[in-house]
Amino acid sequence: MNYDFKQIEKKWQAHWAKYQTFKTDSLESSQSGAVSKQKYYVLSMFPYPSGAGLHVGHPLGYIAGDIYARYKRHKGFNVLHPMGYDSFGLPAEQYAIQTGQHPAITTETNIKRYREQLDRLGFSFDWSREVRTSNPDYYKWTQWIFIQLFNSWYNKDANKAQGMDSLIAIFEKEGNKNVNAACDDDVVIFSAEEWKGYPQKEKEEVLLKYRLTYLADAEVNWCPALGTVLANDEIVNGVSERGGHPVIRKKMTQWMMRITAYAQRLLDGLDTIDWPQPLKDSQTNWIGRSEGASVKFKVLSPNVQADHKDHSHGTQKSGSFIEVFTTRPDTIFGVSFMTLAPEHELVAKITTPEQKAEVEAYIQATAKRSERDRMADVKTISGAFTGAYAEHPFTKEPIPIWIGDYVLAGYGTGAVMSVPCGDQRDYDFAKHFNIPIPNIFKGVDITAEAFADKDKTIIANSDFLNGLSYKKAVKRAIFELEKIGQGKGKVNYRLRDAVFSRQRYWGEPFPVYYDVHGMPKMLDQKHLPLELPEVDKYLPTETGEPPLGNAKAWHWLQYGDEGNIVSEAEFANSSPEGRLGGPLELNTMPGWAGSSQYFNRYMDPHNKEVIYAKEAVDYWQDVDLYIGGSEHATGHLLYSRFWQKFLFDRGIAPKDEFAKKLINQGMITGTSALVYRVSGTNTYVSFGLKNDYEVEELRIDVNLVNASDEVDITELKQWQPDYKEAEFILEDGKYIVGREVEKMSKRWFNVVNPDAICEEYGADSLRLYEMFLGPLEQSKPWNTAGITGVHSFLRKLWRLYHTGENGTFYVSDSPSSEGLGGSLKTLHKTIKKVEDDIENFSFNTSVSTFMICVNELTSQKCTSRSILEPLVILISPYAPHIAEELWEKLGHGTSISDAPFPKFEEKYLVESSKEYPISFNGKMRFTMELPLDMSREQIEDAVMANEKTQAQLAGRTPKKVIVVPGKIVNIVG
RNA sequence: GCGGAUGUGGUGGAACUGGUAGACACGCUAGACUUAGGAUCUAGUGCCGCGAGGUGUGCAGGUUCGAUUCCUGUCAUCCGCACCA
């Protein structure tokens, strides 16, 4: 009987679906003992269902996760292994704009295709827990979390998020002078009395400055081609990540997420999770913590009125001071000028009439340059003098104030104290504009370049800092600055608050309407979800409003508990008596909203009352193993950690990190096939002969090429019309292609589809092969040719169980009838190796281990049930279909997925002798079999007595003989 | 520029905490079986050499009885971040 993988795989996929084999024990059935089992949560990042379907690179992480999930199940864990779809997103919307097809329909079609492809691979997903971010039952809770964020502020003293009611209580009691919150920069100090006297609208405006999600006029990255704003992580090299369109800076009122409140905790949390170091480094870099001091410089410009109102928190840009952030307060006596970003708000105020024209021209010129130009061109030095001066806090000397585009408005305070002797950019700027470069470093020559080596720094020419090292000088400088009230130690972060609005249709609507004062109001939970309205077209409105502006009815109208979505006219005609509501928010949430909470929702995905039952999250806690691509390092994975910390603070989630361990699967690249066309002809020359001609390289479909890089010319001629009449110059009667490893993409004709592989070799072969390719985390090229290796392994495995007459199934039940010694050893070394490998996520090596095991058992002619039964369990996480089939043939009535993992027993591996490698000066020359219980001396004697040793020595006397019992013998001399 | 990862046969890759480099596969060579082979089986296959032997883990050093593994320097490729004060 042959290994009929098609029939077997179909059979078991249907069986698993019918009997819901992989449905996780839910808590409702907990009395039956689910909770008594230890939980294990394996999660693969859910996909965006694109129209192109899956290629062989996509399932890599899913297969690894599936193997681990199945393994944990064999080990007796209650395993949660769900899958779903990140189904809001741009491509479906772009398609809708082009065709008018509702994105929901496109999305549904794509999901169906994904599901079919996934089902063919035999994953042990619990599909009953599927979530889709675009499903109202799901995004209801995304909206709900948004409301929780709106209703929270970050208390820096408690170092956690708290409800707004606690903040209001403080305001009513003592105003905000003692409030230490993560908030906007421009909050003013008020007393309890002042607060109570504020009209409602002003109160709300103040509160908005404290909320964790808030409306703000922000400089955003506007992408005109996509008609939307983009987050920093959605921009690559100054153009949109998706589509590569230009991005410009623009001021817009947007919903923002106060992720900066969590900057330090996001950094600290990295130490508590087992994530790849490069990914942690990326996040660390993105958060960009730097320690230093903020320093205030008094502006000596007559145009600026002294403003003595004391602001005890927030950064102070306006008034009579320029505040800067510096990591080198020790160099404060080296300041010879100040530089402001051209966008800095003080620029207009301080510029003298004489300099006005020059400054304005410069500002205009920089505004014109796109972000991309500015980034591409970092060498050109440009700037302008404002004519104004600031006062040095210690020397009281006047310092000229310049503007320059090397100072970024978005970092720090948008102003720097320029120390040309200690910073190369300041140095270059000073050189370029002939500004003095005072030297404040002892024994350092700065005629050629700035000196920035902190470790070798000794300060000079700096009053009280003279003779101090970097570390001591920093401390002293901060101390002195604090003494005169012009500075303090400060930690600065590169991380910015995240823009949360998108001018798009296919995303979560904000559960927000605007009241008569234009202030945002949240819908009640009982009115959620606020579902996406139907629109005629998915483009912005004529007045430039987001697509939701096209909705016929998009006003909220509420009396008492009753609320509805109505048209503008209907709202206008309704009675104002007791009326709540107003126009609904026209923006939608960004792509990362839904994916920032899905891992928790899987724990209790159908709950209608609450986001998830407490018992469910208390049991499942967090993700034990999360697998996905490293491209999400600073997007999804940072935002998710932020939301999780927030949910933890508010008592909604039990853990403040959502995933204990994370693995990045590497990319599978394509191996493109190249043919060589002789220039100007329709003749193609084989790879080996191409150097004799002038040729162009063209890519052909990799599916036309076999394992030996030969092209099937008949098929090629039919593939594309260009080749129909083509001539081919062959070598040895064959046409050989060239190979190039590059990203798997339709345009290179190197995409390999998993369906085709399943069709030809089966899902088990595909699963094994993807693992066999190499270490999970590394990127590696796909070459379909190699799959024959694992496929014939599965056939050998099958034959091992079919040694009966005419290849029928046969296992022997009486272990005594045959010598099991060798087979037991083979089995147990396999158990040990495979178990170690899985625990270390080294799936590629366990595939080789299986091959070795089956080769050995085959040559041992092993037919014993006591060997073959445990073996099939070992293999089942990797190749579940064939394992189920053999398991059934072995006489079992229940799924192999619940069978306990075989127990490794050391006793079968105990050896009495060892094949010692005998080395001479470190080079192995021959081996000698010796008993393991021999002493060092006995081994040395035995080796020296050997004639081969004497032959190697050729009469010399060894200087030294190194004997490591059980390992090696090395003879030196 | 800064940070990170990776360099081992023709190819994918293996080698546990320093101890037989190239496991396991693909490909290739030869042979067997076969009407046929993109099926199956057997043997071989790092490189140089007929051979004994030599040589070999990007390159150059170092530590060690012994280094793919540890240290120093260097080169290449890939991936982040990039005027971050």
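Residue numbers start from 1 in every chain, and the chains themselves are labelled A, B, ... in the order their sequence lines are given, proteins ahead of strands.
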- request: Give one of base, sugar-phosphate or nothing for A:Arg496, where a contact means two heavy atoms less than 4.0 Å apart.
  value: nothing
query: Under 4.0 angstrom, heavy atoms only, what part of the nucleic acid is A:Ser919 near: base, sugar-phosphate, or nothing?
result: nothing
message: Suppose you measure atom P in B:C70 against the same atom in B:A15; what distance do you get, rounded to whole Å?
response: 14 Å
task: Would you mind telling me which of B:C24, B:U20, B:A85 lies closest to the side-chain atoms of A:Ile968?
output: B:U20
query: Can you name the nearest heavy-atom pair linking A:Gly422 to A:Ala450, along with the distance?
result: C-CB, 4.0 Å
query: Between B:A39 atom C1' and A:Tyr3 atom OH, what is the distance in whole Å?
result: 17 Å
- request: Using Watson-Crick or G-U wobble geometry with both distances below 3.5 Å, tell me the partner of B:A52, or none.
  value: none
message: Can you tell me the base-pairing partner of B:A82? Count Watson-Crick or G-U wobble geometry only, both distances below 3.5 Å, and say none if there is no partner.
response: none
query: What is the nucleic acid contact for A:Glu777, judged by heavy atoms within less than 4.0 Å: base, sugar-phosphate only, or nothing?
result: nothing
query: Base, sugar-phosphate alone, or nothing: which one does A:Asp426 contact when heavy atoms must sit under 4.0 Å apart?
result: nothing
- request: Check every atom of B:C83, B:G54, B:G27 against the side chain of A:Tyr406 and return the nucleotide holding the closest atom.
  value: B:C83
A:Val407, nearest nucleotide to its side chain (from B:C65, B:A85, B:U20): B:A85
- request: Mind checking A:Arg795 for me? I need base, sugar-phosphate or nothing, with any heavy atom below 4.0 Å counting as a touch.
  value: sugar-phosphate
query: Is a donor-acceptor contact shorter than 3.5 angstrom present between the side chain of A:Asn285 and the base of B:C81?
result: no
- line: Between CD1 of A:Ile736 and C1' of B:U11 the distance, given in whole Å, is 15 Å
- prompt: Tell me: CG of A:Leu638 to C1' of B:G80, nearest whole Å?
  reply: 14 Å
- request: Answer syn or anti for B:G46, where the cut-off is 90° from 0 on the glycosidic torsion.
  value: anti
- prompt: Paired with B:A14 by Watson-Crick or G-U wobble geometry, both distances under 3.5 Å: which nucleotide is it?
  reply: none
message: Categorize A:Gln283 for me: base, sugar-phosphate, or nothing, with a 4.0 angstrom heavy-atom threshold over every strand shown.
response: nothing
task: Using Watson-Crick or G-U wobble geometry with both distances below 3.5 Å, tell me the partner of B:U45, or none.
output: B:G27
task: Using whole Å, report how far CD of A:Gln424 lies from C1' of B:G1.
output: 11 Å
message: Using 30° and 60° as the class boundaries, would you call the ring planes of A:Tyr769 and A:Phe772 parallel, tilted or perpendicular?
response: tilted
field: Rounded distance in Å - CG (A:Asp837) to C1' (B:C16)
entry: 11 Å
- prompt: For B:U64, which nucleotide is its Watson-Crick or G-U wobble mate, given both distances must be under 3.5 Å?
  reply: none
task: Would you indicate what A:Val972 reaches in the nucleic acid, counting non-hydrogen atoms under 4.0 angstrom: base, sugar-phosphate, or nothing?
output: sugar-phosphate
task: Among B:C24, B:G19, B:G4, find the nucleotide with the atom closest to the side chain of A:Asp281.
output: B:G4
statement: Using Watson-Crick geometry (N1-N3 plus N6-O4 or O6-N4) or G-U wobble (N1-O2, O6-N3), each under 3.5 Å, B:C59 is paired with B:G73
query: Which part of the nucleic acid does A:Asn492 contact within heavy-atom distance under 4.0 Å: base, sugar-phosphate only, or nothing?
result: nothing
query: Relative to the 5' end of RNA chain B, which residue comes earlier, A:Ala785 or A:Ser282, by the nucleotide with the nearest heavy atom?
result: A:Ala785
- request: Take the angle between the ring planes of A:Trp402 and A:Phe429 and call it parallel below 30°, perpendicular above 60°, tilted in between.
  value: perpendicular
field: Residue matched to B:A21 through Watson-Crick or wobble contacts both under 3.5 angstrom
entry: none
message: It should be established whether A:Arg494 places a side-chain nitrogen or oxygen under 4.0 Å from OP1 or OP2 of nucleotide B:A85.
response: no
task: Starting at atom CG of A:Leu340, determine the distance to atom P of B:A85, rounded to an integer number of angstrom.
output: 18 Å
Spacing of A:Asp423 atom CG relative to B:G1 atom P, expressed in whole Å: 17 Å
Base partner of B:U35, which must satisfy Watson-Crick or wobble distances under 3.5 Å: none
field: Among B:G19, B:G4, B:A25, the nucleotide that comes nearest once only the side chain of A:Pro278 is considered
entry: B:G4
- line: Test side-chain contact (heavy atoms from CB on, under 4.5 Å), reference A:Arg739, set A:Val702, A:Leu674, A:Asn750, output is A:Val702
message: In whole Å, I'd like the distance from the CD atom of A:Glu770 to the C1' atom of B:A25.
response: 16 Å
field: Short side-chain N/O contact from A:Asn844 to OP1 or OP2 of B:A14, under 4.0 Å
entry: yes
task: Mind checking the OG1-NZ spacing from A:Thr849 to A:Lys833? Nearest 0.5 Å is all I need.
output: 5.0 Å
task: With heavy atoms under 4.0 Å as the rule, sort A:Thr849 into base, sugar-phosphate or nothing.
output: nothing
- prompt: Which pair of non-hydrogen atoms, one from A:Pro781 and one from A:Thr671, has the smallest distance, and what is that distance?
  reply: CB-OG1, 3.9 Å
- prompt: What are the two closest heavy atoms between A:Leu266 and A:Arg641, and how far apart are they?
  reply: O-NH2, 2.7 Å
